[in-house]
Enquirer: 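Below you will find the structure I want to go over with you.
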Amino acid sequence: MKGKKLNRDFFAQPTLQVARKLLGKYLVLKQNGIKLSGKIVETEAYVGKEDPASHAFGKVTPRNQIMYGPPGYTYIYFIYGNYYCLNFVTEKAGFPAAVLIRALEPREGIKTMHKNRDSLDLKNLTNGPGKLCQAFGIDRSFNTCDLTANFLFVEDRGEKVDNIGNSERIGIYRGIDRKWRFFILNNNFVSKIRS
DNA sequence: TATTGGATCGCC
DNA sequence: GCGATCCAATAG
């Protein structure tokens with residue numbers, strides 16, 4: 001259970017590497033004396049302003065400028081009128097890139113997650129980007145949060161992951177030729193594949 | 001100022 | 001398979 005917090009150098013690596021290496025690490029949130037955590041089992045990479053699926057595609061806007069900032073910060077956005085998605089900014093300042101956290105395997109604070117999600121099904125708690133934000137209570141106020149602080153961060157708990165699969169990214173229509181979704185094979189908490 | 005479409009989810 | 005629901009980005 002003892003873990004080592006990932007530092008800013010980790011997030012400064014090439015985005016595809018960060019996306020792969022995040023698998024098997026633990027997302028931890030400490031808030032109001034409550035600790036929530038879950039193992040990261042699915043990620044997606046969004047790299048550069050030439051990636052047509054990235055929010056940083058094209059020019060700088062108020063929303064995507066955080067992706068141009070230094071690595072190790074969060075980028076939260078609101079989507080479809082209902083849901084938030086959690087991203088980690090990667091690579092050096094000036095280069096827009098981020099990793100979307102798509103699914104977790106709940107570990108600590110599961111009771112709180114059930115309450116936040118109003119769901120009794122463990123497998124349905126954090127198996128999607130909108131769901132895990134709801135389970136952790138993540139909203140707009142978590143945007144531009146420093147991942148090296150002691151609030152929201154990622155831990156290496158020494159778990160090795162070697163069975164990694166990859167595929168095209170989900171829910172987008174452009175840039176599907178880039179197979180930049182990564183997930184742990186045969187894990188029950190990976191989000192459902194789009195039909 | 002108006003319009004449009006989206007890195008989703010849950011229910012039909 | 002489709003609607004809910006609202007914000008950000010464009011166009012005018």
Side-chain angles (χ1 to χ4, degrees), chain A residues 11 14-20 22-23 27 38 40-69 71 73-91 95-106 113-145 147 152 154 164-184 187-195:
Chain A
F11 297 100
T15 306
L16 295 185
Q17 277 190 44
V18 175
R20 263 193 299 265
L22 277 172
L23 297 175
L27 178 70
I40 298 171
V41 299
E42 181 180 352
T43 61
E44 279 179 7
Y46 291 86
V47 186
K49 54 186 166 203
E50 278 90 47
D51 177 358
S54 173
H55 286 176
F57 180 64
K59 59 185 184 181
V60 184
T61 65
R63 184 171 71 156
N64 70 25
Q65 65 175 352
I66 180 68
M67 292 180 70
Y68 285 83
Y73 289 86
T74 57
Y75 165 46
I76 315 279
Y77 65 88
F78 188 66
I79 193 69
Y80 297 127
N82 278 312
Y83 298 99
Y84 295 95
C85 293
L86 170 66
N87 298 253
F88 298 153
V89 176
T90 58
E91 308 205 33
F95 185 83
V99 173
L100 169 67
I101 307 304
R102 285 197 56 86
L104 302 173
E105 181 178 325
M113 295 187 205
H114 277 301
K115 207 168 69 182
N116 288 344
R117 284 271 297 139
D118 198 23
S119 166
L120 294 176
D121 184 2
L122 179 67
K123 290 203 301 295
N124 195 34
L125 225 42
T126 55
N127 61 336
K131 296 179 190 177
L132 70 92
C133 281
Q134 206 173 56
F136 274 61
I138 291 174
D139 61 21
R140 279 185 77 75
S141 68
F142 288 68
N143 199 18
T144 70
C145 183
L147 291 166
L152 181 64
V154 185
I164 295 176
N166 75 299
S167 76
E168 65 275 12
R169 292 169 292 180
I170 294 182
I172 59 171
Y173 302 94
R174 286 173 292 201
I176 53 170
D177 53 316
R178 295 167 167 85
K179 302 246 186 344
W180 289 349
R181 168 176 176 253
F182 303 97
F183 55 95
I184 298 179
N187 184 288
N188 288 328
F189 295 90
V190 170
S191 69
K192 289 193 188 113
I193 302 164
R194 157 177 60 157
S195 57

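Letters A, B, ... are given to chains in the order of the sequence lines, protein chains preceding strands, and every chain is numbered from 1. Owing to the predicted nature of the structure, the values given are computational and were not obtained by experimental measurement.
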Enquirer: Ignoring backbone atoms, test whether A/Arg63 places a side-chain nitrogen or oxygen under 4.0 Å from the OP1 or OP2 oxygen of C/dC6.
Expert: no

Enquirer: Give a yes or no on whether a salt bridge exists between A/Arg181 and A/Glu42, defined as a side-chain N under 4.0 angstrom from a carboxylate O.
Expert: yes

Enquirer: Touch check for A/Arg174, heavy atoms < 4.0 angstrom, all strands: base, sugar-phosphate only, or nothing?
Expert: nothing

Enquirer: Does the side chain of A/Asn166 come within less than 4.5 Å of A/Trp180's, by heavy atoms?
Expert: no

Enquirer: Give one of base, sugar-phosphate or nothing for A/Arg140, where a contact means two heavy atoms less than 4.0 Å apart.
Expert: sugar-phosphate

Enquirer: Pick the C1' atom in B/dG5 and in C/dC2, then give their distance to the nearest Å.
Expert: 16 Å

Enquirer: Please evaluate the base of C/dA8 for a donor-acceptor partner in the side chain of A/His55 within a cut-off of under 3.5 Å?
Expert: no

Enquirer: Compare side-chain N and O positions of A/Thr61 against OP1 and OP2 of C/dA8 and report whether any pair is under 4.0 Å apart.
Expert: no

Enquirer: Specify the separation, in whole Å, of atom CG of A/Leu125 and atom P of B/dG10.
Expert: 10 Å

Enquirer: Measuring to OP1 and OP2 of B/dT8, would you say a side-chain N or O of A/Arg102 lies under 4.0 angstrom away?
Expert: yes

Enquirer: Return the value, rounded to whole Å, for the distance between atom CD1 of A/Ile101 and atom P of B/dT8.
Expert: 14 Å

Enquirer: Does a side-chain N or O from A/Lys131 land closer than 4.0 Å to OP1 or OP2 of B/dG10, or not?
Expert: yes

Enquirer: Within the 4.0 Å heavy-atom criterion, would you say A/Gly81 contacts the bases, only the backbone, or no part of the nucleic acid?
Expert: base

Enquirer: If I take atom OH in residue A/Tyr173 and atom P in nucleotide B/dT8, what distance separates them, rounded to the nearest angstrom?
Expert: 9 Å

Enquirer: Less than 4.0 angstrom from a charged side-chain N to a carboxylate O is my criterion; do A/Arg169 and A/Asp51 meet it?
Expert: yes

Enquirer: Hey, which of these two, A/Glu44 or A/Gln134, hits DNA chain B nearer its 5' end, going by closest nucleotide?
Expert: A/Glu44

Enquirer: Tell me, what's DNA chain C's dot-bracket, Watson-Crick or G-U with both distances under 3.5 Å, | for other-strand, [ ] crossing?
Expert: ||||.||||||.

Enquirer: Counting any heavy atom closer than 4.0 Å, what does A/Tyr80 reach on the DNA or RNA strands: base, sugar-phosphate only, or nothing?
Expert: base

Enquirer: Check whether any side-chain N or O of A/Asn64 sits under 3.5 Å from a backbone N or O of A/Thr61 as a donor-acceptor pair, and report yes or no.
Expert: yes

Enquirer: Could you give the OH-to-P distance, from A/Tyr84 to B/dT8, as a whole number of Å?
Expert: 16 Å

